Undergrad: 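I'd like to ask some things about the structure below.
Here the structure is a predicted model, which is why all the values come from computation and not from measurement. Per chain, numbering begins at 1; letters A, B, ... match sequence-line order.
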2 protein chains.
Amino acid sequence: MGQYTAPLRDMQFVLHELLDVQTELAHLPVHAGLDTETIDQVLAEAGKFCEEVLFPLNQSGDQQGCSYSNGVVTTPVGFKAAYQDYIKAGWPALACDPEQGGQGLPVFVNNALYEMLNSANQAWTMYPGLSHGAYECLHAHGTPEHKKIYLPKLVAGVWTGTMCLTEPHCGTDLGLLRTKAEVQDDGSYRINGTKIFISSGEHDLAENIIHLVLARLPGAPAGTKGISLFVVPKFVPNAEGEIGERNGVSCASIEHKMGIHANATCVINLDNAHGWLVGEPHKGLNAMFVMMNAARLGVGMQGLGLTEVAYQNSLAYARQRLQMRALNGAKAPDKAADPIIVHPDVRRMLLTQKAYAEGGRAFAYWIALLIDKERSHQDEKVRAECAEWVALLTPIVKAFLTDNACEATNLGMQVLGGHGYISEWGVEQYVRDARIGTIYEGTNTIQSLDLLGRKVLGDMGAKLKKFGALVRDFIEQEGVKPEMQEFVNPLAELGDKVQKLTMEIGMKAMGDRDEVGAAATPYLRVVGHLIFAYFWARSARVALDKQATGDPFYQAKLVTARFYFAKLLPETAWQIRSARAGAKSLMELDEALF
Amino acid sequence: MGQYTAPLRDMQFVLHELLDVQTELAHLPVHAGLDTETIDQVLAEAGKFCEEVLFPLNQSGDQQGCSYSNGVVTTPVGFKAAYQDYIKAGWPALACDPEQGGQGLPVFVNNALYEMLNSANQAWTMYPGLSHGAYECLHAHGTPEHKKIYLPKLVAGVWTGTMCLTEPHCGTDLGLLRTKAEVQDDGSYRINGTKIFISSGEHDLAENIIHLVLARLPGAPAGTKGISLFVVPKFVPNAEGEIGERNGVSCASIEHKMGIHANATCVINLDNAHGWLVGEPHKGLNAMFVMMNAARLGVGMQGLGLTEVAYQNSLAYARQRLQMRALNGAKAPDKAADPIIVHPDVRRMLLTQKAYAEGGRAFAYWIALLIDKERSHQDEKVRAECAEWVALLTPIVKAFLTDNACEATNLGMQVLGGHGYISEWGVEQYVRDARIGTIYEGTNTIQSLDLLGRKVLGDMGAKLKKFGALVRDFIEQEGVKPEMQEFVNPLAELGDKVQKLTMEIGMKAMGDRDEVGAAATPYLRVVGHLIFAYFWARSARVALDKQATGDPFYQAKLVTARFYFAKLLPETAWQIRSARAGAKSLMELDEALF
């Protein structure tokens, strides 16, 4: 049951009308000649694959889950065939380096692909998703030999990848990790240890699995400065890149969990596994951060995808379910009752999902465009600036979009009432799948500390000020126009409040670092809303400009923008108060008295 | 895995120190002689049963679920034995009429029992929980003959009960229901139809199941004014109350659902089932509302129970899990890292659960005490007044406590990080079980409409003003005391805001009923916080008075009150803005443009 239609029209709106990627592409020589039509064709083709191949496997995949027997993981029926379709169509190569067999399309196209993959089937998407992260990491930090052996296979999707960080006693705190690597005479390493929570750690989709493993060298400094990164293939490839002998890496078990049942979450044992150093000794975390940042953006895309699919399904239900009469009198007097979409609170639930989906899409595609500019802009200064933007925005896209996804999927389920709670309709799965997003790849608390402690206060607000300038430019340009007052005024007000709040926390934090920890979570929500408010105001601008075309799409965009400012943005009133309330009420209670 | 300890100390605080039930009981002749010690002994005994018998079956019950075969439902291993223990100990009789074999204890004692039962095992508790609702309904509306046959069995727990309302095409909108009842020569009825989502509709715990079924008589008026209530036993009892022949009521299937796996959610077919009218023809909804109100309070108790158990489990984890150092420097330098309870955001998550559990306990026990006073107070005026209170507060206790439970259980899970998402630790089950609370027995949207539309605006705010007077009396008494300023000032401010907001919505609603629907959900959150703020301020008062005893319990209470006012109450800033933003942004979008 359930349904999914790729939201191509809104994707096109974001890319072409809001972000105007065509103008941006003109400054990215590697993408010269990439036109709007090609982008749209790729998205349409991807949408078809997601609708027709992946989505029908989502619910059955959840119900069957992965099975484990003697180290072998079997994915649900249909997963393997879908993966073969996926790699035959060349999707893993979409945004990869042409030198490695990639198609060299921009990251924003890949992000749009990933939004749709995640709407259709998050658990399945985690297999190719982690491979792409492994590709990024080896592309950035691998030796020429690693690149030659691994990248073409990852680009083609015939091999997949994983990230092996967590151990039973350490998740957030990687400084505690114990897995050991010892150098061999030939310069390779032997690795021993146990990793847990390894997504896609073992499966039957591909002929080889490339693990990127954090471990310690003998005599390494304690903590995070003594961690090195290794590439550990399930089957050791020979010099020609053909798979050879089985390595000492095995799956000891898979977890039973709340959601993403169809993705294998593995305990991985490394028994004298053969590995090769990636990057410099003891600097493994730096190298792994390439993959982790990609993964954090990827988790944001999961949140976006689930928000969209929950919206679509609850909307379909709200249109057909007849229950009660509209409060102002019957809307469908010929029927036994009105469709529940006439009720204000049902509309609140639908519009919240819609505003979070469309706002999230604008934000997530924008950060992808910034990554493209960071990598490929002709102007070095722009590249450096975009790198700063991406650093600032990554924790927000991860945490804000996944928090929103939990809210949106729960609202989607609520629209269905009791039918939402039973498995048949498929919506409760979205709630369970979305829930992991606030936890993995760094909990949302960690994201908020990264944002406030490192990215904002770490440079005395310099990066944040640049975003503030962008907002200010828009306000100055639009603030004088009567039709934009309703959007620009609350945006400007929130911008001022964020500035004041940041300074206030910065001052308090000088005396007490706990003030950062106490403010971080509400602070991230506030900054997330500032970004959403900026994009909703810009979207309203575009919609106002094009309203005369008569296309009702723009009317819907405008009304959704109004809803966002009326009902969702005011969350900041709470979060700002909560952030300002400081650390005292959190730290005062003695641990024993909880 | 997991743990549960009955929170007896806080229960005693609420009953004896905050609500001072002993003074109240002096005015309830039926409870004359019931002393503090007896109450505490009963609670301790109930706590033991919950800790030792029920809680150990919670996770295994979730994993096994109920199974269905040819109309027969089998509950998970251990459920039947636990139920036998439960009825042998006389727990179903606790608050029942002594004339029917009950023990005649107050409702507030029963509510405390139910909090613990739900903490320990919500799915199991739904079997006896619905029986108690059926008891209440038949006690209020049954004929003397019904009472004689059914009540002693329900009181003893040897038979259980259900509510059969929902049909495939109608849940919220009972006016649409189609199940038919036709009178027989002997004055009994034959009933035909299909009911869905019937909790505890079929099982193996008891020898008989008493269904309370809504159906239509021939020629009944359309809508809710043509619905009658019938008692339909699974096995038809003879005049001596012994079970006789199998009735035409059967379970066609059970649902697969997100949570409460161990409670059978049944499709119930009525095939010429033998039934007897309860109450007057066409006035079945009135009679059923006795059961529904009991059930709504019961769902609030589920929310409270899950909030408490999630808190306890995440607290235990936060104390033992070592990860990172405190931001102001190591707290446990002898260990590899500090326990995560040192981190401000972990404390935020724990204190939110704690404040919601303790605030919810005060609120829920208070409403139970009001029910006792409504039933048994010596002064008729007090009885009538308390009935009004209970009517006002029932939708709030249902919706506010279940929304809070969703928040609290999710925070509990978040404290555990990845370990929270896997089933092993048991916390993700609380999230799944809690999720149904906002849906069944009237969705929280319906509760909010009941509150704002019927209970508040329906009598021009008269009932609400009485609550306002209670708050004002407290403020006048305490507002002059310096040590109470931090609690009384925000409480007074919120009280004023609620008054203004109510008038504002009332004015707008005169012109547009959608304004009620648009404001109802945030309005309920605001009034819920007003109640919590009132009880947290009163709790602080008690704690301040007793601080000199040196009992650290009072210190914890005071700090938790401060946390509530600093971090949770400010949610009202958002909800008030959202309520005031009105209906326009919700209703503006054409249905086709969503």
Side-chain angles (χ1 to χ4, degrees), chain A residues 171-173 176 197 255-258 315 323-324 327-328 336-337 341 343-345 347-348 350-351 414 417-418 421-423 428 435-436 438-440 443 445 512-514 516-518 520-521 552 555-556 559 562-563 566-567 570-571 573-574 577-578 581 583 585-589 591 593-594, chain B residues 171-173 176 197 255-258 315 323-324 327-328 336-337 341 343-345 347-348 350-351 414 417-418 421-423 428 435-436 438-440 443 445 512-514 516-518 520-521 552 555-556 559 562-563 566-567 570-571 573-574 577-578 581 583 585-589 591 593-594:
Chain A
T172 297
D173 193 353
L176 302 176
F197 298 165
E255 306 288 353
H256 297 275
K257 52 200 192 296
M258 186 187 205
L315 174 58
Q323 210 79 174
M324 312 297 280
L327 294 167
N328 283 327
I341 197 170
H343 303 304
D345 203 54
R347 287 174 157 252
R348 174 186 65 83
L350 293 172
L351 284 164
Q414 191 72 19
Y421 196 69
I422 62 172
S423 307
E428 59 92 25
R435 190 61 187 82
I436 188 61
T438 71
I439 295 172
Y440 62 12
T443 65
T445 297
D512 180 2
R513 293 298 296 170
D514 278 335
V516 177
T521 289
Q555 175 62 14
V559 173
R562 286 188 186 124
F563 167 81
K567 301 282 185 181
E571 184 197 337
W574 172 23
R577 277 169 177 72
S578 174
S585 69
L586 297 172
M587 306 313 292
E588 199 177 354
L589 191 60
E591 184 196 318
L593 300 186
F594 268 79
Chain B
T172 298
D173 194 352
L176 302 175
F197 298 164
E255 306 289 354
H256 297 275
K257 51 199 192 298
M258 187 186 203
L315 173 59
Q323 211 79 175
M324 313 296 282
L327 293 167
N328 282 328
I341 196 170
H343 302 304
D345 203 54
R347 287 175 156 251
R348 174 187 64 84
L350 293 173
L351 284 165
Q414 191 72 19
Y421 196 69
I422 62 173
S423 308
E428 61 90 26
R435 190 62 188 81
I436 188 62
T438 72
I439 295 172
Y440 61 11
T443 64
T445 297
D512 179 2
R513 293 298 295 168
D514 279 335
V516 176
T521 290
Q555 174 62 13
V559 173
R562 287 190 185 124
F563 168 82
K567 302 283 185 180
E571 183 196 338
W574 172 23
R577 278 168 177 75
S578 174
S585 69
L586 296 172
M587 305 314 290
E588 198 178 355
L589 190 60
E591 183 196 318
L593 300 186
F594 268 78

Undergrad: Restricting to side-chain hydrogen bond (donor to acceptor under 3.5 Å, both in side chains), what partner residues turn up for Glu588(A), sequence neighbours left out?
TA: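 Glu588(A) satisfies side-chain hydrogen bond (donor to acceptor under 3.5 Å, both in side chains) with Arg562(B) only.
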
Undergrad: What's the verdict on side-chain contact (heavy atoms from CB on, under 4.5 Å) for Tyr421(B) and Glu428(B), showing C-alpha distance, side-chain angles and the deciding distance?
TA: CA-CA 6 Å; Tyr421(B) 196 69; Glu428(B) 61 90 26; 5.8 Å; no

Undergrad: So which of Val516(A), Ile439(A), Leu350(A) has the biggest tally of heavy-atom pairs under 4.5 Å with chain B?
TA: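 Top count of heavy-atom pairs under 4.5 Å with chain B: Ile439(A).
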
Undergrad: Given that the side chain runs from C-beta out, which part of Tyr440(A) has a heavy atom under 4.5 Å from chain B: side chain, backbone, both or neither?
TA: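 The answer is neither part of Tyr440(A).
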
Undergrad: Select, from Asn328(B), Leu593(B), Ile341(B), the one with the greatest count of heavy-atom pairs under 4.5 Å involving chain A.
TA: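 The residue among Asn328(B), Leu593(B), Ile341(B) with the greatest pair count is Asn328(B).
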
Undergrad: In terms of heavy-atom proximity below 4.5 Å to chain A, should Ile436(B) be classed as side chain, backbone, both, or neither?
TA: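 Both parts, backbone and side chain.
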
Undergrad: When only pairs under 4.5 Å are counted, which of Met324(B), Gln555(B), Glu255(B), His343(B) shares the most heavy-atom pairs with chain A?
TA: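 Looking at each option in turn, the highest pair count goes to Met324(B).
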
Undergrad: Looking only at atom types and distance, does a side-chain atom of Gln323(A) sit under 3.5 Å from a main-chain N or O of Thr172(B), one as donor and one as acceptor?
TA: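 The answer is yes, because a donor-acceptor pair under 3.5 Å joins these two groups.
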
Undergrad: Give, as side chain, backbone, both or neither, the part of Leu589(A) having an atom under 4.5 angstrom from any heavy atom of chain B.
TA: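 For Leu589(A), the contact with chain B is made by backbone and side chain together.
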
Undergrad: Could you tell me if Gln414(B) and Thr443(A) have a donor-acceptor pair between their side chains, going purely by distance under 3.5 Å?
TA: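 There is no such pair (donor and acceptor under 3.5 Å, judged by atom type) between the side chains of Thr443(A) and Gln414(B).
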
Undergrad: With chain B, which of Ala581(A), Gly517(A), Pro570(A) has the greatest number of heavy-atom pairs at distances under 4.5 Å?
TA: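 Most pairs with chain B among the choices: Pro570(A).
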
Undergrad: I'd like to check the side-chain contact (heavy atoms from CB on, under 4.5 Å) partners of Met587(A); sequence neighbours left out, ordered by chain and number.
TA: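 side-chain contact (heavy atoms from CB on, under 4.5 Å) list for Met587(A), sorted by chain: Asp514(A), Ala583(A), Pro344(B), Arg347(B).
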
Undergrad: Distance from Ser578(A) atom OG to Arg348(B) atom CZ, nearest 0.5 Å?
TA: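 So the OG of Ser578(A) and the CZ of Arg348(B) are separated by 7.5 Å.
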
Undergrad: Keeping Ser423(A) on the side-chain end and His256(B) on the backbone end, is there a donor-acceptor pair under 3.5 Å?
TA: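 Flag set: sc Ser423(A) to bb His256(B) pair under 3.5 Å.
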
Undergrad: Answer with side chain, backbone, both or neither: which region of Ala520(A) has an atom nearer than 4.5 Å to a non-hydrogen atom of chain B?
TA: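 Nothing of Ala520(A), per the 4.5 Å heavy-atom cut-off to chain B.
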
Undergrad: Tell me, side chain or backbone of Leu315(A) under 4.5 Å from chain B's heavy atoms, or both, or neither?
TA: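 The side chain, not the backbone.
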
